[in-house]
Structure formats: structure tokens, C-alpha cells
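First up is the structure itself, then whatever we jot down about it.
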Amino acid sequence: MREKLEAIRRAAENAAKEAIDEKQIEELRVKYLGKKGELTALLKQMGSLTPEERPKMGQLVNEAKGQVEKLVSERKVKLKEKAVELKLKAETVDITMPEKPVNCGGLHPLSIVTNDLIDIFQSMGFDVLDGPEVETDHYNFECLNVPEDHPARDMQDTFYLADKILLRTQTSAAQIRTMETRKPPIRIICPGRVFRADEVDATHSPVFHQLEGLVVDKGVTMCDLMGVLEQFAHEIYGEDVNVRFRPSFFPFTEPSVEVDVSCTECGGKGCRICKGEGWIEILGAGMVHPNVLRSCGIDPDVYTGFAFGIGIDRITTTRYKISDIRLLFENDKRFLEQF
Ligand code: DAH
């Protein structure tokens with residue numbers, strides 16, 4: 001029995017050394033230590049021994065059992081370590097591999113310019129407001145002193161959604177909404193999209209962008225208008241640019257002006273961009289018409305104001321020398337990636 005025990009112990013030792021994975025080691029454990037295992041079987045044979053031999057033999061079998069258990073668990077740990085090592089080796093990250101380029105989004109040029117305009121006017125103390133794109137005839141035309149028979153109300157210029165409901169043709173509607181809800185002193189801007197039924201070409205789009213401005217207070221004059229707009233033009237185009245105020249007409253301002261800057265391309269000599277004029281028109285403005293103030297419940301004998309509407313698309317195309325306005329709306333990545 002002693003010899004048998006020694007043989008089993010040795011066989012188990014060899015088998016443990018040879019086991020190459022956890023499955024094999026588990027099989028080995030069952031083979032020797034399991035309920036039907038060889039060492040367990042040996043213990044069961046103790047009955048055939050003499051009472052003197054039994055304790056000695058029992059001790060030896062238990063010792064052998066302990067040794068095999070130890071072997072099995074040590075080998076198990078080793079194999080586990082080996083498996084992890086192999087896995088790590090197989091999965092090593094090659095840090096010398098070039099990284100995949102990250103595609104980073106950016107701001108659309110119109111957004112860049114709009115943000116710059118907002119910064120300029122905010123630094124002059126203007127609040128930034130928002131207005132609805134779907135407007136009523138009342139806000140878009142009527143209160144702005146645009147008479148019933150004015151050509152701008154024509155279906156050919158305006159997108160009507162229903163009777164007297166339209167897509168705003170100008171951000172000027174924001175003036176009325178502001179004066180209805182705020183009392184002077186008022187100093188606001190309202191940037192946003194506007195819509196007109198224009199044919200698409202290099203300089204026209206049915207959707208474009210304006211930034212409306214409105215100042216109303218006691219004693220506001222044309223000088224204030226000129227000072228603010230001149231400073232704005234210089235901040236956008238630089239100190240060297242010339243600014244020109246031309247008399248014009250808008251139903252909601254009196255007097256009205258249009259503001260030009262010397263051509264950013266040719267400096268005023270005349271070129272393709274300015275159509276030989278040397279000047280580029282960037283905005284319309286004027287002193288708020290007394291009728292407009294009155295329609296909002298503001299007494300024109302006490303308060304005066306000025307308003308302006310800047311063409312954001314025009315500022316963008318001239319700043320970045322973009323020759324076709326359609327590029328701003330096509331969302332071509334190759335174009336947008338340049339900004
Ligand atoms: N709403 C005008 C347009 O779309 C631009 C404009 C001109 C706005 C004069 C004004 C203004 O506030 O005073 O052409």
C-alpha cells in the first residue's frame with residue numbers, strides 16, 4: 001500500500017508538471033483528489049489494514065493528499081499567470097503606429113461673423129435678442145410704416161404661409177416686438193435669418209441673414225447713429241477703411257441712410273467685387289420714424305431713436321473674399337474646412 005501511495009504521488013506530481021492549461025489541472029484534481037479519485041480510493045481501503053497499521057497509513061495518505069493539493073493549486077496559479085502573460089503579449093498596443101486623424105468640427109463662417117458682430121455691439125452696451133422667423137404682417141410690415149400697397153408686400157417678394165402670416169423678410173420686426181415690451185432707454189440687436197422669394201444667383205439667396213439694431217432714448221440724434229455705425233465698420237474692416245453715409249429711403253426711418261465701406265478688395269479704385277464703384281454697401285439705417293414709435297406707444301415728442309439693419313452675408317463674403325453667396329449654403333466640407 002505504501003508503494004502504491006508513493007506511485008500515485010509521483011504520478012500526480014508528473015501530471016501536474018505536464019498540465020498545460022487550467023482544464024487539464026482540474027481533470028488532474030478530480031483524478032486524484034475527487035470523490036472517486038485514486039487517493040480517496042486508497043483511504044477507503046484502510047479497512048483491510050491491521051489496527052496498528054491504520055493510523056500510520058492514514059497519516060501517510062493524508063500527507064500525500066496535502067502534497068497533491070498543494071501541487072495542483074500552485075500549478076493553477078502558474079498557469080493563470082502564464083495565460084495572462086500570453087494574452088498581454090498578443091494584445092500589445094503599438095504606440096509607434098500613427099494615430100487616426102480626428103475630424104474636428106468648426107464654426108460656419110456666418111456664425112463666426114455673427115459672433116464677432118455680437119461682440120462688437122455688446123461691448124457698446126447692446127442687449128442681444130431673438131425673434132420669431134414666422135411673423136405676422138402686423139410686425140413685419142404694418143407697424144414698420146410699410147403701407148398696404150408697398151411692393152415689398154407683394155407675393156413675389158414675400159413668402160406667405162397663410163393670410164397675413166409670413167416668413168419674416170427683415171429682422172426689423174424685432175424693433176416692434178422690443179418696443180412693445182421694453183421702455184426706453186432701449187439698446188438692442190437681433191441677429192437672425194430672413195426670407196425673400198429671390199431667384200438664386202451669386203449675390204442672392206432666398207434665405208439670408210441680418211442683424212437688426214435699435215436705440216431709443218431721450219435726445220438720440222443722427223450723430224449717435226453715425227458714431228456707432230462708423231465704429232462698428234472700423235472694428236470689422238480695420239481702421240483704414242473709409243465709411244460713407246448715403247441718403248436713402250426706408251418706410252420705417254426718416255431720414256434714412258445706406259452705409260458703404262471702401263472696397264475691401266481694391267481699396268476704392270474699382271474692381272469686379274465692387275462692380276467698379278470702389279464702395280460696398282453693408283447696411284441700411286436711419287432715425288426711427290415717428291409713426292413707428294407711435295405705433296408702439298412711445299411718444300415721438302419725448303423720445304427719438306435710430307435703427308439699422310446689417311447684411312451679415314455681405315459682411316461675411318467681403319471679409320473672406322467669397323465670390324459666390326451660394327457657397328455659404330451648400331455645406332461643402334472642402335469650403336467650410338477653410339475657416
Ligand atoms: N430692413 C431693411 C432691409 O431689409 C434694412 C434696414 C434699413 C433696417 C434701415 C433698419 C433700418 O433698421 O433702419 O433692407
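Just follow the structure's listing: the first ligand is 1, and inside any ligand the first atom is 1.
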Show the atoms of ligand 1 that are less than 4.0 angstrom away from any heavy atom in [X].
{"X": "Glu212", "result": "8 (C), 10 (C), 12 (O)"}
{"X": "Ser172", "result": "1 (N), 8 (C)"}
{"X": "Gly309", "result": "6 (C), 8 (C), 10 (C), 12 (O)"}
{"X": "Gln210", "result": "3 (C), 4 (O)"}
{"X": "Phe250", "result": "7 (C), 9 (C)"}
{"X": "Gly286", "result": "13 (O)"}
{"X": "Thr253", "result": "13 (O)"}

Would you say [Y] and [X] are linked by a side-chain donor-acceptor pair, where the criterion is simply a distance under 3.5 Å?
{"X": "Asp157", "Y": "Thr169", "result": "no"}
{"X": "Tyr237", "Y": "Thr318", "result": "yes"}
{"X": "Tyr32", "Y": "Glu27", "result": "no"}
{"X": "Thr50", "Y": "Glu53", "result": "yes"}

Following the transitive rule for hydrophobic clusters with a side-chain heavy-atom cut-off under 4.5 Å over Ile, Leu, Val, Met, Phe, Trp and Tyr, establish whether Ile189 and Val292 coincide in one cluster. no
Do ligand 1 and Gln170 have nitrogen or oxygen atoms that lie under 3.5 Å from each other? yes
When you compare ligand 1 with Ala285, is there at least one nitrogen or oxygen pair between them that comes in under 3.5 angstrom? no
Does the gap between the ring centers of Phe335 and Tyr320 come in under 6.0 Å? no
Does this structure show an ion pair linking Arg2 with Glu6, if we count only N-O contacts that are shorter than 4.0 Å? no
Does at least one non-hydrogen atom of Arg196 fall below 4.0 angstrom from an atom of ligand 1? yes
Please find the pair of heavy atoms, one from Ile188 and one from Arg182, that lie closest to each other, and give the distance. CG2-NH1, 3.8 Å
Minimum non-hydrogen distance to atom 11 (C) of ligand 1, winning option of Phe306, Phe252, Phe208, Phe249: Phe252
